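In this text the structure is predicted, and so the values were computed from the model without any measurement. We number each residue from 1, following the sequence as shown. We use all heavy atoms of the structure for the numbers below, so side chains are in, but hydrogens, waters and symmetry mates are not.
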Amino acid sequence: MRAVVLKDFGPPDQLTVAELPDPHPAPGEVAIRVAAVGIQFLETQIRSGTMRGALGGAPLPVVLGKEIAGEVVETGAGVDTALLGSRVLATTGGTGGYAELAVAPAEGLVPVPDGLGFPDAVALYRYGATARGLIDTARVTAGDRVLVQAAAGAVGTILVQLLKRAGATVIGTARGADKLALVKELGADHVVDYSLPGWTEQVRQVAQGAVDVVYDHIGGELGRESFSLLAAGSGRQIVFGFSSGQPLDVQPMELFARGSTLTGFSAGLIWNRPAFARELVTDVLGLAVTGEIRPVVGQSFPLERAGEAHAAVESRSTVGKTLLVP
């Protein structure tokens, strides 16, 4: 099979295509002919070497890739052979997805419903479950004024739509006119370019005051500025990453003085519970089939252009989900 191999940590051109032996499933696993694989920002950090610990000790050379969609072509011992030919979403053990064939635990498989293509399913997969978890964590209710940072991203595009279904007033931020137009198309009530001076004042204007909830996976200075927008006594900021490279720095006494809450959220809280994760993903996929939400695949690349895909994600020029399509 063909796969994208990372031989050494470094820039995107370290990703090269090679012929490797076909993988075969161990007991409790299935082999999947991969139709689409999602690229995560974390994988660009692993490739660069800044987050090499996320490989869990896996040695180089390695095939990255965690979130895949495709057809089950082989089952391991103890796995029902009725799964053969099934259209599924799956999570690998953390590596192996950037390939024509990959193995994954059968326990975590999520059926892809008829009427939904593999690329769209991947776009809604792990980040769809994350978006659902984020809404529950912030206890969003109808009428809440919610600020979604980086709303044109893979999580943001889903989060905006789910928040509107929950009855929230959504303010989506992004950088540049094209991204802002997409966020508006997805249903945001207001859009603001956070790269421009005075963006926080614009948020206050459209929110007619403070906001009740901030979703922040940027951190750094933008995270601090977002924190300043929270309503005193009731504001909630949910932190689920720091793509700026700098975590949010808020001191306990600041929370005490404002009466605000700061909550960290990790997708692992969902994915460590396979049945719960499957329930959330199935719900989001169903909303896509009925047309209630729209998957956003911003860009797709063949395996040979995996380096370009990583470079695009790192540059933050992408919208929605970025895929490799073997």
CA sep, side-chain torsions, deciding dist, call: S226, Q149, side chain to side chain donor-acceptor pair (under 3.5 Å): CA-CA 8 Å; S226 300; Q149 289 280 38; 2.6 Å; yes
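- Looking only at distances, no side-chain donor or acceptor of K179 sits under 3.5 Å from a matching main-chain atom of V183.
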Worked check of salt bridge (charged side-chain N to carboxylate O under 4.0 Å, His left out) between E67 and K321: CA-CA 12 Å; E67 46 186 329; K321 190 64 178 173; 2.6 Å; yes
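- For the pair Y98 (side chain) and L324 (backbone), a donor-acceptor distance under 3.5 Å is absent.
- Without hydrogens or angle criteria, D283 side chain to L280 main chain gives no donor-acceptor distance under 3.5 Å.
- For the residue pair G117 and R87, the shortest heavy atom distance occurs at CA-NH2, 4.1 Å.
- Placement of V30 and V112 in two distinct hydrophobic clusters is found when ILVMFWY residues are connected by side-chain heavy-atom separations under 4.5 Å, directly or transitively.
- A 4.5 Å side-chain heavy-atom check between S86 and E71 finds every atom pair outside the cut-off.
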Test log, rule side chain to side chain contact (heavy atoms under 4.5 Å, CB included), inputs V155 and L134: CA-CA 10 Å; V155 177; L134 287 167; 4.0 Å; yes
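- Residues V103 and L84 are members of separate hydrophobic clusters, defined by side-chain heavy-atom contacts under 4.5 angstrom among Ile, Leu, Val, Met, Phe, Trp and Tyr.
- Enclosure of atom CG in D114 is not indicated, since only 12 or fewer non-hydrogen atoms of other residues, nucleotides or ligands lie within 6.0 angstrom.
- With hydrogens and angles disregarded, a donor-acceptor distance shorter than 3.5 Å links the side chain of R278 to the backbone of L109.
- Residues V239 and H217 form no side-chain contact, since every pair of their non-hydrogen atoms from C-beta on lies 4.5 Å or further apart.
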Test side chain to side chain contact (heavy atoms under 4.5 Å, CB included) applied to V73 and I32, step by step: CA-CA 6 Å; V73 294; I32 296 169; over 6 Å; no
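- Contact detail for P113 and L285: the closest heavy-atom pair is CD-CD1, 3.9 Å.
- Counting non-hydrogen atoms of neighbouring residues, nucleotides and ligands closer than 6.0 angstrom, the CZ atom of R258 exceeds 12 such neighbours.
- Counting only heavy atoms from C-beta outward, the side chains of I68 and L89 never approach each other to under 4.5 Å.
- Under a 3.5 Å cut-off, the side chain of D144 and the backbone N or O of V146 do not form any donor-acceptor pair.
- W271 and Y127 have their aromatic ring centers separated by at least 6.0 angstrom.
- For E185, the CD atom counts as densely surrounded, since its 6.0 Å shell holds more than 12 non-hydrogen atoms of other residues, nucleotides or ligands.
- Linking ILVMFWY side-chain heavy atoms closer than 4.5 Å, directly or via other members, places F240 and L163 in a single hydrophobic cluster.
- Under a hydrophobic clustering in which Ile, Leu, Val, Met, Phe, Trp and Tyr are joined whenever their side-chain heavy atoms come within less than 4.5 Å, directly or via other members, F265 and I218 fall into different clusters.
- A distance of 11.0 Å separates OG1 of T200 from CD of Q205, quoted to the nearest 0.5 Å.
- Counting only distance, with no hydrogens or angles, the side chain of S317 and the backbone of V313 share no donor-acceptor pair below 3.5 Å.
- You'll find the side chain of L147 reaches within 4.5 Å of the side chain of V203, heavy atoms only.
- Between A3 and A99 the shortest heavy-atom distance is CB-CB, 3.6 Å.
- Of all the heavy atoms in V4 and A306, the pair that sits closest is CG1-CB, 3.7 Å.
- For Q237 and T261, the side-chain atoms include no donor-acceptor pair closer than 3.5 Å.
- A donor-acceptor distance shorter than 3.5 angstrom exists from the side chain of K184 to the backbone of D189, with no hydrogens or angles considered.
- In the hydrophobic cluster analysis, where Ile, Leu, Val, Met, Phe, Trp and Tyr join through side-chain heavy atoms closer than 4.5 angstrom, V192 is grouped apart from V213.
- With a 4.5 Å cut-off on side-chain heavy atoms, V319 and T157 do not count as touching.
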Audit row: L124, V281, side chain to side chain contact (heavy atoms under 4.5 Å, CB included) steps and yes/no: CA-CA 8 Å; L124 294 170; V281 176; over 6 Å; no
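- Residues F41 and R316 are in side-chain contact: their nearest non-hydrogen atoms beyond the backbone lie under 4.5 Å apart.
- The distance from atom CZ of F242 to atom CG of L248, rounded to the nearest 0.5 Å, is 11.0 Å.
- Taking every heavy atom of both residues into account, P326 and L303 meet most closely at CA-CG, 3.9 Å.
- Two residues are said to be in side-chain contact when any heavy atoms from C-beta on lie closer than 4.5 Å; Q14 and F9 fail this criterion.
- Side chains of Q45 and T50: no donor on one and acceptor on the other come within 3.5 Å.
- The cationic group of R236 does not satisfy the cation-pi geometry with Y215, failing either the under 6.0 Å distance to the six-membered ring centre or the 45° limit from the ring axis.
- Interatomic distance, CG of L222 versus OG of S195, reported as 9.0 Å (0.5 Å rounding).
- Proximity of a side-chain donor or acceptor of T92 to a complementary backbone N or O of G94 within less than 3.5 Å is detected.
- Between E221 and R224 there is no salt bridge, since no side-chain nitrogen of the basic residue lies less than 4.0 Å from a carboxylate oxygen of the acidic one.
- In this structure, the separation between CD on E225 and CG on D216 is 11.0 Å, given to the nearest 0.5 Å.
- At a cut-off of 3.5 Å, with distance as the only test, a side-chain donor of T91 or R126 sits close to an acceptor on the other residue.
- Around the CG atom of D22, the shell of radius 6.0 Å holds more than 12 heavy atoms that belong to other residues, nucleotides or ligands.
- Heavy-atom minimum distance, A123 versus V296: CB-O, 4.0 Å.
- With hydrogens and angles disregarded, a donor-acceptor distance shorter than 3.5 Å links the side chain of R47 to the backbone of G10.
- In this structure, T173 and V191 have side chains that are not in contact, with every pair of non-hydrogen atoms separated by 4.5 Å or more.
- Between E292 and R165 there is a salt bridge, with a side-chain nitrogen of the basic residue lying less than 4.0 Å from a carboxylate oxygen of the acidic one.
- To the nearest 0.5 Å, the span separating CG on L182 from CG on L180 amounts to 9.5 Å.
- Of the inter-residue distances, the one linking F118 atom CZ with L323 atom CG reads 13.0 Å to the nearest 0.5 angstrom.
- Q299 and T322 form a side-chain donor-acceptor contact under 3.5 Å, judged by distance and modelled atom types alone.
- In this structure, the side chain of E254 engages the main chain of Q251 through a donor-acceptor pair within 3.5 Å.
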Criterion side chain to side chain contact (heavy atoms under 4.5 Å, CB included) on V63 and L20, from CA distance to verdict: CA-CA 10 Å; V63 176; L20 298 181; 3.8 Å; yes
